[in-house]
Structure formats: C-alpha cells, structure tokens
There are 2 protein chains.
Amino acid sequence: MARKPRQQRAKATVNAIIEASFIAMAEHGPAATTTRQIADIAGVGVGSLYEYFDNKEQIFQVMGERFVADTIALIHPLIPTLVRKPMKDAVRELLQHFRDFLQEDDERYLKCARHAMTLGFEEHMEPLQKALSELVTQYLMHHPETLKIRNIPTMSYIMINGGIFAVVRHLSDPAPPISFDELVEGLATMVGHYTEQEMALAEASASDGQQGG
Amino acid sequence: MARKPRQQRAKATVNAIIEASFIAMAEHGPAATTTRQIADIAGVGVGSLYEYFDNKEQIFQVMGERFVADTIALIHPLIPTLVRKPMKDAVRELLQHFRDFLQEDDERYLKCARHAMTLGFEEHMEPLQKALSELVTQYLMHHPETLKIRNIPTMSYIMINGGIFAVVRHLSDPAPPISFDELVEGLATMVGHYTEQEMALAEASASDGQQGG
DNA sequence: TGCTTGTTCGGATTCAATTCGGAAAATCAT
DNA sequence: ATGATTTTCCGAATTGAATCCGAACAAGCA
C-alpha cells in the first residue's frame, strides 16, 4: 500500500474499494475489470485507488489475501471438533463448511474462486497450507495409531494441494462430470482408504518384525 | 485468428510469434510481457501480430493450446506400454516422462507451466483430461479385476485433477517441502493403496453376498 | 478561529494495445 | 517477362486504460 489510512473515513474508503473490487470481479472477470469500474462501484474517484494501493495488481493481491485469511478464519475454529472425528467424517465436514462459506454473501467468494487462478491465487496459498498442515498435525496427535503411516509430509502435501485444486477446479467447471457431493465423498474415501491401507501395512510389518527379529 | 497464413513465409511468421511469446513469457512473466517485446524477439513489426491474432490474449490462448497438444502427444504413445504395467509403475513412469518433457528445450515448458494458472491454461485442459481418462479406461480394460473398484469416474476426476495440480504446483514452488521424486512416489502409492483397498473391499463384499444371498 | 495534517478528486500524463493504409513480396495470368 | 492480383509486412497514428499530481476539501487540534 502506498499509504496507510489513519482516519476512520479513509479506512472506510479502503474497504469500499476492496468490496467494489469483489463485485466488479464477479461481474466482469479479472481481465475486463477496470480502475474506473472499481472506483464507480466504490463511489470514490479513480485517484483515491492510488492513495492506498500502488496499482491495480495490488488490489487483486489484497483481495486474494483477504480471501485466504477468511478461509483460514473458517478452518481454525473447526480444528478442535474435527480432530475428534473419524477421518472420513472430518474431511467431509471440512469440505462442506468450505462450500457453505463460498456461498455466503451472494456467492461472493465462489465467484471470486472461479477466477482465483487467473488472479494468482496460488501465491497467497502458503498460509492456507500452513493452517491445513496444522490441522493434519493435530489430527495425527489425537489419533496415535495413525502415526504409523509412512511419508506423512508427502501425503499431506499431495492431499492438501490436490484436494484444494480439485475443489477449486470443480467449482470453476461450468459442466463438471461429477457433483460436488460426489467429489467430497471421493476425497473422503481416498483419504480413508489410504490411511487404512497404511495401518494394515504397519500391522503386517510389525508382526513380520517380531517374527523376523 | 484474424487471418490464415497462406504462404510459407507467413507460416514462419506465425511460428516466430509463438516462439517469441514463449521466450518473452519465460523471461518477464505474463503481466509484464508486451506486444512490443514479442514483436522484437520474433523479429517482426508489432502490426504483424494482429495479422494472425485478434489480440494479445489470443496469442496466450494459442500458447496454451500448443502446450496441451504437445503434452497429449507425449502421453498418447505411452498408453500401450503403461497399460501393461503395475499401477504404481505406470503412475511413476508417466510422471517421470512428464518431467523430462517439461525440461526439454531449455525448460521452455517448465517456465511456461509456472505461469500456467495465471494464463488461464485450465480452460484448455479438457483435451488433456480426455486423454488421461482414456488412459485410465484402457488401463482398467487391461486389468479386469480393477473393474470392481467403485466410483471410478469420481476417482479419475480426483486423481487426474489433483495429480496435475500437485505436480504443477510443486514445479512452481521455489522451495518445495518435498522432492519431486517423493511427490511421484507419493502419488503412485496413493493410487496403489486406493485400488488395493477397493479390491479388498470388493472381495469381502463378494463373500458377504454369497453368504447373505 | 487559524494552522497542520489527512483525504478526496478528476483532469493531465504516460504507456501499451490495437488499427490502418500503403509499400514490398509472392503468386498468378497472359 | 510483365503487369495484375493477392498476400504479407510494417510502424506511425489512434485509442483507451492505468497512473500521477496538485488543488480543493475535511478532520484534528491549539
């Protein structure tokens, strides 16, 4: 940001600009959104945009950051509940909360997420990834038996990234070949099967180890 | 395209423009790539760009199409070999070919893929998805026992999308928490475990069915 | 109230995308 | 080969969006 808003009035302006950007983005898409449009919707002069943002790009950046921050704010309070549930249920519940979240405020975030990739959303994803990693860590701690699973970092990486993108891609797809519920169920099953299989293998190799050693 | 190139000379121009676009893109990124740069690198006048492309956006589109087409050209001939291998080996081999492909031509496509999302490449992904679906279908036909797996469409969707994005994201990540080989191994294990678990369940429910019916 | 600092604004400026009309090259018809 | 015709190429001119800037307006404060 070029300058920090000191007065209340200025903070309201900044907020109006971001809100307006979400609206313009949802309506016209990222390429066709102009500074004029944003200023008009926000009810401010074009010049005001540049008081608090270096350029249009940065407005999009801040939108992305806000989206990720709100997503994290959604996930964080769910952690204590989720870690006590069976894994499949936890995955299901997390994703259903996420969908509800996207549909708040007249689907504001859903429309945003449709363009997320064009906006360079991935660049802000690190904090989200961290939040989900924490969820995984805490989950594992509450289910000591799952600690036998091998390659936990790799699998977290795949599930988190693969999961996020499968969901975002599905949301972006105007004619998805499967329903959202099927996707959720599929992801839950996938995670579930993986862990079960790993536990079974751990079991087997444990008894191998006893016999062999 | 605004006009079709008839003469050989014109085809060379179109090609030079696309090549130049890849180079400029790799160097400056999508936002900072200008028509002037592309024209200069291609060794043509700016006006020439608009003889064969409606606008800059369309140049990027064609780049995306070419990238996807080349990826499919990579995959297609591998299918007959892959379908005869164990699933884990097939996944591993496919991904390793893909990495090699990205690193051809001075990592031209790798640099391109880094910006793939910003460029809106997902919009061209349907043919790639189709090619991978075909690979899955053929694989299943060569391994009749795998047909017992439930929700094949859903699982294909998740694995294809999740897999592609996990790989592209990993390649885009300047400091990935896991190595590419670990990622490949993880994806292969994931697919392997899922199928094994499903086969085991199919087995179990088959004997249930015999006992129960 | 008068002074200082923060805020808003929209016309002026800058810069990249796109257009256009004519020149050069290739192709064709005779 | 020569001139007509089509295709290709170009870069100065145009257009329009992004950005800058300095004057006008509001808030905070003594």
Side-chain angles (χ1 to χ4, degrees), chain A residues 1-65 115 118-120 123, chain B residues 1-65 115 118-120 123:
Chain A
M1 281 195 194
R3 194 158 61 79
K4 273 254 181 171
R6 314 255 167 164
Q7 301 175 1
Q8 201 53 44
R9 183 168 63 128
K11 285 178 190 165
T13 298
V14 170
N15 210 58
I17 290 169
I18 299 177
E19 294 275 324
S21 302
F22 274 109
I23 294 169
M25 181 70 56
E27 179 143 8
H28 304 99
T33 298
T34 68
T35 51
R36 193 72 62 100
Q37 284 167 12
I38 294 173
D40 286 351
I41 295 172
V44 303
V46 262
S48 299
L49 303 186
Y50 294 89
E51 292 294 328
Y52 305 104
F53 301 93
D54 288 331
N55 50 44
K56 198 171 72 163
E57 193 60 26
Q58 211 196 3
I59 297 177
F60 294 163
Q61 296 262 333
V62 172
M63 288 171 65
E65 281 163 22
H115 302 297
T118 319
L119 285 173
E123 302 186 5
Chain B
M1 281 196 194
R3 194 159 60 77
K4 272 256 179 168
R6 315 253 166 165
Q7 302 173 3
Q8 201 52 44
R9 182 169 62 130
K11 284 178 191 166
T13 299
V14 170
N15 209 58
I17 290 170
I18 299 177
E19 295 275 325
S21 301
F22 273 108
I23 293 169
M25 180 72 55
E27 179 141 10
H28 303 99
T33 298
T34 68
T35 52
R36 191 72 62 97
Q37 284 167 12
I38 295 174
D40 286 351
I41 295 171
V44 303
V46 262
S48 298
L49 304 186
Y50 293 89
E51 292 293 328
Y52 306 104
F53 301 93
D54 288 330
N55 49 45
K56 199 172 72 165
E57 192 61 24
Q58 211 196 1
I59 298 178
F60 293 163
Q61 296 262 332
V62 172
M63 287 170 66
E65 282 163 23
H115 301 296
T118 318
L119 286 172
E123 302 186 4

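We name chains A, B, ... by the order of the sequence lines, and we start the count at 1 in each one.
Atom CD of residue A:Gln8 and atom OG1 of residue A:Thr13 lie 10.0 Å apart, to the nearest 0.5 angstrom. Atoms CE and CD, on A:Met63 and A:Glu19 in that order, are 10.0 Å from each other to the nearest 0.5 Å. Remark: A:Leu49 CG to A:Ile38 CD1 distance equals 6.5 Å, nearest 0.5 Å. Separation of atoms OH (A:Tyr50) and CD1 (A:Ile17) is listed at 10.5 Å; rounding is to 0.5 Å.
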Please write out each protein N/O paired with an N/O of nucleotides 17-20 of chain D under 3.5 Å, distance rounded to 0.1 Å.
{"from": "D:dA18", "atom 1": "OP1", "to": "A:Lys56", "atom 2": "NZ", "distance (Å)": "2.5"}
{"from": "D:dA18", "atom 1": "OP2", "to": "A:Thr35", "atom 2": "N", "distance (Å)": "2.9"}
{"from": "D:dA18", "atom 1": "OP2", "to": "A:Thr35", "atom 2": "OG1", "distance (Å)": "2.8"}
{"from": "D:dT19", "atom 1": "OP2", "to": "A:Tyr50", "atom 2": "OH", "distance (Å)": "2.6"}
{"from": "D:dT19", "atom 1": "OP2", "to": "A:Lys56", "atom 2": "N", "distance (Å)": "2.9"}
{"from": "D:dT19", "atom 1": "O5'", "to": "A:Tyr50", "atom 2": "OH", "distance (Å)": "3.4"}

Atom pairs under 3.5 Å, N or O on each side, protein against nucleotides 24-30 of chain D: can you list them with distances?
none

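Taking both residues in full, the closest heavy atoms of A:Ala42 and A:Ala16 are given as CB-O, 3.6 Å, listed atom of the first, atom of the second, then distance. The heavy-atom pair separating B:Pro5 from B:Ala10 by the smallest distance is CB-CB, 3.6 Å. Between A:Gln37 and A:Ala24, the shortest heavy-atom distance links the atoms OE1-CB, 4.4 Å. Considering all non-hydrogen atoms of both residues, B:His28 and B:Thr33 come closest at CB-OG1, 4.1 Å. In terms of heavy-atom proximity, B:Thr35 sits nearest to B:Lys56 at CG2-CD, 3.9 Å.
In this structure, CZ of B:Arg6 is placed 13 Å from C1' of D:dT5, rounded to the nearest angstrom.
Along DNA chain C, read 5' to 3', the first and last nucleotides having any atom under 4.0 Å from a heavy atom of chain A are C:dG6 to C:dG10.
Within the 4.0 Å cut-off from OP1 or OP2 of D:dT8, at least one side-chain nitrogen or oxygen of B:Arg3 is found.
Put simply, the side chain of A:Ile18 reaches to within 4.5 Å of the side chain of A:Phe53, judged on heavy atoms.
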